[in-house]
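Written out below as structure tokens is the structure these notes cover.
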Amino acid sequence: QVQLVESGGGLVQPGGSLRLSCAASGSIFSIYAMGWYRQAPGKQREWVAAISSGGYTNHADSVKGRFTISRDNAKNTVYLQMNSLKSEDTAVYYCSAGRYSGSSYIPLGYWGQGTQVTVSS
């Protein structure tokens, strides 16, 4: 079992930046791959980025070059640095614990409660 708590969301103007954090507890954080997802109103939840236990990362095409996922195993925390934010990035952002199958991230059913990111002028 692993518990996840996101933080760092808020209101930001287009072109601005935010850094989301996800603190994990309850299990050995370093053995899990970690991922970020988002869900906009009226849309399905979509994968944003993932990072393996060893630091391999991949990002959705829609955020590549703007968002960066990272992790600090000593702090049991995964981050999502979001730069050059656009209105279409507005969503509730969730972190998850999972694993990799080849180069694909697979969530294992552990989710945080989400943090709201609103990009608006």
Side-chain angles (χ1 to χ4, degrees):
Q1 291 288 336
V2 60
Q3 291 78 46
L4 304 171
V5 179
E6 302 96 335
S7 62
L11 173 64
V12 63
Q13 292 186 342
S17 298
L18 280 176
R19 188 176 80 156
L20 305 183
S21 300
C22 173
S25 62
S27 187
I28 304 174
F29 173 75
S30 61
I31 70 173
Y32 289 100
M34 299 296 295
W36 285 97
Y37 286 73
R38 66 186 181 186
Q39 187 166 18
K43 295 187 177 182
Q44 290 188 330
R45 190 173 297 189
E46 65 171 349
W47 171 74
V48 174
I51 184 167
S52 73
S53 57
Y56 166 81
T57 65
N58 52 348
H59 299 76
D61 287 344
S62 60
V63 306
K64 201 169 292 183
R66 300 188 298 122
F67 292 10
T68 303
I69 190 171
S70 63
R71 67 189 295 162
D72 185 338
N73 288 340
K75 295 183 178 180
N76 287 358
T77 301
V78 62
Y79 304 98
L80 185 67
Q81 178 66 44
M82 306 186 295
N83 299 328
S84 301
L85 283 161
K86 306 175 182 179
S87 58
E88 52 262 44
D89 295 318
T90 295
V92 178
Y93 284 71
Y94 299 89
C95 73
S96 74
R99 64 178 180 88
Y100 267 87
S101 176
S103 61
S104 297
Y105 175 79
I106 299 174
L108 292 176
Y110 302 113
W111 298 92
Q113 82 290 349
T115 186
Q116 176 71 47
V117 172
T118 302
V119 184
S120 175
S121 55

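Since the model is a prediction, treat every value here as computed from it, not as a measurement.
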Quiz item: What's the spacing between Thr118 OG1 and Leu85 CG if we round to 0.5 Å?
Solution: 11.0 Å

Practice problem: Check the surroundings of atom CD in Glu88: do more than 12 heavy atoms from other residues, nucleotides or ligands lie under 6.0 Å from it? | Solution: yes

Quiz prompt | Which atom of Pro14 lies closest to which atom of Ser121, heavy atoms considered | solution = CD-N, 3.7 Å

Self-check item: Heavy-atom check, side chain of Trp47 versus side chain of Pro107, under 4.5 Å
Solution: no

Exercise. Using the rule that two of Ile, Leu, Val, Met, Phe, Trp, Tyr join whenever any of their side-chain heavy atoms come within less than 4.5 Å, decide whether Ile51 and Tyr79 are in one cluster.
Key: no

Practice problem: State yes or no: do Trp111 and Val92 share one hydrophobic cluster built from I, L, V, M, F, W and Y residues joined by side-chain heavy-atom distances below 4.5 Å, directly or via other members? | Solution: yes

Practice problem: Please confirm whether Arg45 makes a cation-pi placement over Tyr37, using NZ or CZ under 6.0 Å from the six-membered ring centre and within 45° of the ring normal. | Solution: no

Exercise. Please examine the side chains of Leu11 and Ser120, heavy atoms only from C-beta on, and report whether any two atoms are closer than 4.5 Å.
Key: yes

Quiz item: Which heavy atom in Ser17 sits nearest to a heavy atom in Ser84, and how many Å separate them?
Solution: OG-N, 4.4 Å

Quiz item: Do Val78 and Tyr94 share a hydrophobic cluster, counting only Ile, Leu, Val, Met, Phe, Trp and Tyr and linking them when any side-chain heavy atoms are less than 4.5 Å apart?
Solution: no

Practice problem: Begin from the C-alpha positions of Met82 and Val12 and carry the test side-chain contact (heavy atoms from CB on, under 4.5 Å) through to its verdict. | Solution: CA-CA 11 Å; Met82 306 186 295; Val12 63; over 6 Å; no

Quiz item: Out of curiosity, Tyr105 OH to Tyr56 OH, how far, rounded to the nearest 0.5 Å?
Solution: 14.0 Å

Quiz item: Are the side chains of Ser53 and Ile31 in touch, meaning some heavy atoms are under 4.5 Å apart?
Solution: no

Quiz item: In Å and rounded to the nearest 0.5 Å, what is the CZ to CG distance from Phe29 to Asp72?
Solution: 8.0 Å

Self-check item: Close side-chain approach of Asn58 and Lys64, heavy atoms under 4.5 Å
Solution: no

Self-check item: Asp89 with Lys86: basic N within carboxylate O range, under 4.0 Å
Solution: no

Quiz item: Nearest 0.5 Å, what's the CZ-CD distance between Arg66 and Gln81?
Solution: 12.0 Å

Practice problem: Indicate the atoms forming the closest heavy-atom contact of Ala97 with Val2, along with that distance. | Solution: CB-CG1, 3.9 Å

Practice problem: Please name the pair of heavy atoms, one in Val119 and one in Thr90, separated by the smallest distance, quoted to 0.1 Å. | Solution: N-OG1, 2.9 Å

Self-check item: Least distance between heavy atoms, Glu6 atom then Tyr93 atom
Solution: OE2-O, 4.0 Å

Quiz prompt | Considering all heavy atoms, the nearest Thr68-His59 contact | solution = CA-NE2, 3.5 Å

Practice problem: For Gln113, look at atom CD and say whether over 12 heavy atoms of other residues, nucleotides or ligands are found less than 6.0 Å away. | Solution: yes

Quiz item: Once you round to the nearest 0.5 Å, how far does CD of Gln13 lie from OG of Ser87?
Solution: 13.0 Å

Quiz prompt | Rounded distance (nearest 0.5 Å) linking atom SG of Cys95 with atom CD1 of Ile69 | solution = 9.0 Å

Practice problem: Identify whether Ile28 and Tyr110 are in the same connected component of the hydrophobic contact network (ILVMFWY, side-chain heavy atoms under 4.5 Å). | Solution: yes

Quiz item: Do Leu80 and Arg38 have side chains that get closer than 4.5 Å, going by heavy atoms?
Solution: no

